[in-house]
Each structure stands twice: as structure tokens, then as C-alpha cells.
> 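A single structure is presented below for examination.
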Amino acid sequence: MKSRFLMCPPDYFDVEYNINPWMTDNLGRVDSERAKSQWHNLFETLSKYAEIELLEPQLHLPDMVFTANAGLVKGNSFIPSRFQYPERQPEEAHFREWFLSNGYYLVDLASPVSFEGEGDALLQPNNDLLWMGYGFRTDPQTRELIKVLFPQCIALQLVDPRFYHLDTCFCLLPGGQIMYFPQAFSQESRQTIEAHFAIEDRIEIDAEDGLYFACNTVVVENNLILNHASPALIHRLESLGYKAILTPVDEFLKAGGGTKCLVLCL
Ligand code: ARG
């Protein structure tokens with residue numbers, strides 16, 4: 001079955017407030033035309049491998065392009081996000097509305113914790129294990145609340161504010177490898193990762209690739225669609241049978257998001 005993704009066109013994308021370190025020096029600095037062309041290029045590239053559903057963009061909700069934060073899907077169920085910052089909370093109603101009108105069951109979290117969807121919750125391909133990130137945006141308590149849908153879950157603590165969502169520094173690959181930026185995690189969480197993945201399956205990203213959001217990759221079978229990868233990383237990925245497809249989205253990096261943030265798995 002073809003992968004399906006939800007995306008939201010960048011009509012109103014901009015950096016209008018400051019909720020992560022990437023945004024601090026980029027207020028009002030987005031080149032809208034360039035952002036639109038990068039987004040369309042990503043859309044065209046992904047369309048070759050997957051079906052894309054589109055959500056209507058909304059005026060004054062500049063971060064709505066980052067659909068990864070809408071919530072988390074499992075089959076016909078959708079767990080809606082609860083954004084940590086008031087700036088993004090008005091997005092919630094629009095995401096809920098889209099999922100309701102597209103036949104999903106909404107499964108609300110039973111307590112008022114913050115949870116930022118697939119940005120902080122990644123399902124391991126070929127097994128039912130969910131990896132959850134906490135420390136900046138998602139409350140660690142969420143793990144208990146989503147147990148019904150995701151009984152197997154490992155939580156990892158994020159410690160570097162530049163990598164405030166799990167999907168900015170952790171990418172599960174279909175061959176069983178993990179591509180990640182070790183410094184983004186607490187010592188204990190690093191050990192958890194090391195205990196789970198054999199050394200030959202751990203692709204540790206250096207700061208150069210990490211800061212260009214190499215871990216923020218859209219994975220469709222063996223195709224890895226990402227903003228940037230150094231020649232050494234491309235070589236490593238190719239030797240494992242992956243194809244790295246570089247799709248620059250640096251206008252979106254100004255808001256703290258790469259290719260993966262612009263997509264939600266349906
Ligand atoms: N400016 C957005 C925020 O800070 C970027 C979200 C990026 N999304 C992601 N899944 N990492 O919330």
C-alpha cells in the first residue's frame with residue numbers, strides 16, 4: 001500500500017513569534033516566494049512515492065505548515081495534539097476538523113498535558129514500538145495516556161533546545177537502523193538507544209548534518225527525503241541500500257523545521 005501523508009501549503013508561513021531557538025533571529029525573515037517554491041518542490045518529490053492529502057492553510061497560523069505536529073494517527077484513530085505554546089493552540093481546531101471530516105475517530109488525551117504529535121512520537125517501522133520524546137514540548141505523562149493505542153512505548157529525554165522535538169534528532173529507518181544526533185539526548189536516554197540498536201545499526205550524526213536537520217527525514221521505503229546530508233552521510237546511507245534525496249527547505253529551518261516536520265503520516 002502506498003504511503004499517505006498530510007501536508008499544508010505554506011500560503012501564510014512566516015516566523016511571527018519566537019518559540020524555539022531557530023526562530024529567535026529569524027523574525028520576519030522568511031522569503032515567502034522561496035518558501036513556497038521549496039515546499040512545492042518537496043510536494044512534487046513526495047508525490048512520486050506517496051499519496052498526499054492537503055489541509056487548508058489559515059491566516060495568522062504561520063506554523064500550520066508543520067503538520068507533523070497535528071497529532072498522531074493509528075489506523076482510523078487520531079490522537080489530537082495539545083500545543084504547549086498559545087501561539088500554536090488555535091491550530092488544534094483546524095486539525096481536529098480535518099480528521100473528523102475525513103472519517104477518523106478522535107481519541108482525546110484524558111488529562112490536560114501537552115503533546116505535539118508525530119513531532120514527538122515516532123513509530124518504529126515493522127514493529128509496534130513507539131518512541132516518544134519529552135523535555136520541551138511533550139509531557140512525559142502522555143506515555144501513560146496513549147497506552148491503549150500504543151502499549152509499547154519508550155520515552156527519550158531531549159536536552160538541547162535546538163532539538164526540541166524528537167523528529168529533529170531521531171529517525172528510524174526501515175532496515176532497523178537509527179539515525180540520530182546523540183548530543184540531543186540525556187545520558188540515560190543515549191544509553192537506552194544504545195541498548196536497543198546494535199552499534200552497526202546506529203548512524204550517529206555529527207553537528208554539521210544535525211544542525212541542517214539531516215535526522216528530520218521523510219522515509220518512504222528506501223527513499224530518504226531530507227534537507228541536507230554531507231557526502232559522508234550520503235555514502236553511509238547508500239552503503240545500507242538507501243537513496244538520499246536532497247530537497248532543500250532552508251526557509252523552513254528558520255522556523256525550526258525540516259522536511260519531516262512538513263508531513264504527517266496518515
Ligand atoms: N515553529 C514550529 C514550532 O516551534 C516548528 C515545528 C517543527 N515541527 C516538528 N515536527 N519538529 O513549533
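All residue numbers refer to positions in the sequence shown, counting from 1. Computed from a predicted structure; not experimentally measured. Note that ligands are numbered from 1 as they come in the structure, with each ligand's atoms numbered from 1 the same way.
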> Which value, rounded to the nearest 0.5 Å, describes the distance between Tyr212 atom OH and Ile205 atom CD1?
14.5 Å
> Is the closest N or O pair between Thr168 and ligand 1 shorter than 3.5 Å?
no
> In terms of atom number and element, which parts of ligand 1 are under 4.0 angstrom from non-hydrogen atoms of Gly256?
7 (C)
> When you look for heavy atoms under 4.0 Å from ligand 1, do you find them on the side chain of Tyr85, its backbone, both, or neither?
neither
> Output the distance between atom CG (Leu224) and atom CD1 (Ile245), rounded to the nearest 0.5 Å.
7.5 Å
> Can you say whether the rings of Phe43 and Trp39 are parallel (under 30°), tilted (30 to 60°) or perpendicular (over 60°)?
parallel
> Just to confirm my output: which protein heavy-atom neighbour is closest to atom 9 (C) of ligand 1, and how far is it?
Cys261 SG, 2.9 Å
> I need the atoms of ligand 1 closer than 4.0 Å to a non-hydrogen atom of Met23, numbered in the order shown.
1 (N)
> Please determine whether side chain to side chain contact (heavy atoms under 4.5 Å, CB included) holds for the pair Cys265 and Val73, giving the CA-CA distance in whole Å, both sets of side-chain angles, and the decisive distance to 0.1 Å.
CA-CA 7 Å; Cys265 298; Val73 173; over 6 Å; no
> Just jot down the ligand 1 atoms closer than 4.0 angstrom to any heavy atom of Ala68, in number order.
10 (N)
> Quick one: look at Glu118 and ligand 1, take heavy-atom pairs under 4.0 Å, and tell me if it's side chain, backbone, both or neither.
neither
> Which of the atoms in ligand 1, numbered in the order shown and given with their element, are less than 4.0 Å from a heavy-atom of Gly119?
10 (N)
> Taking atom types as modelled, find out whether His165 and Glu118 have a side-chain donor-acceptor pair closer than 3.5 angstrom.
no
> Return the residue, atom name and 0.1 Å-rounded distance of the protein heavy atom closest to atom 5 (C) of ligand 1.
Tyr164 OH, 3.3 Å
> Quick check: does Ala255 get an N/O under 3.5 Å from an N/O on ligand 1?
yes
> What protein heavy atom is closest to atom 10 (N) of ligand 1, reported as residue, atom name and distance in Å?
Asp167 OD2, 2.8 Å
> Of Thr259, Asp250, Thr247, Asp31, which meets side chain to side chain donor-acceptor pair (under 3.5 Å) against Gln38?
Asp250
> Using a 6.0 Å cut-off, check whether atom CD of Glu188 has over 12 heavy atoms from anything other than its own residue.
no
> Which of the numbered atoms in ligand 1 are below 4.0 angstrom from a heavy atom of Arg137?
3 (C), 4 (O), 12 (O)
> Which atoms of ligand 1 are found less than 4.0 Å from any heavy atom of Asp63?
1 (N), 2 (C), 3 (C)
> Verify whether the ring centers belonging to Phe99 and Tyr104 lie closer than 6.0 Å.
yes
> Quick one: are Ile178 and His196 in side-chain contact, heavy atoms under 4.5 Å?
no
> I need the contact type for Arg88 against ligand 1. Using non-hydrogen atoms and a strict under-4.0 Å cut-off, is it side chain, backbone, both or neither?
side chain
> Just to be sure I read this right, does ligand 1 sit under 4.0 Å from the backbone of Asn216, its side chain, both, or neither, counting only heavy atoms?
neither
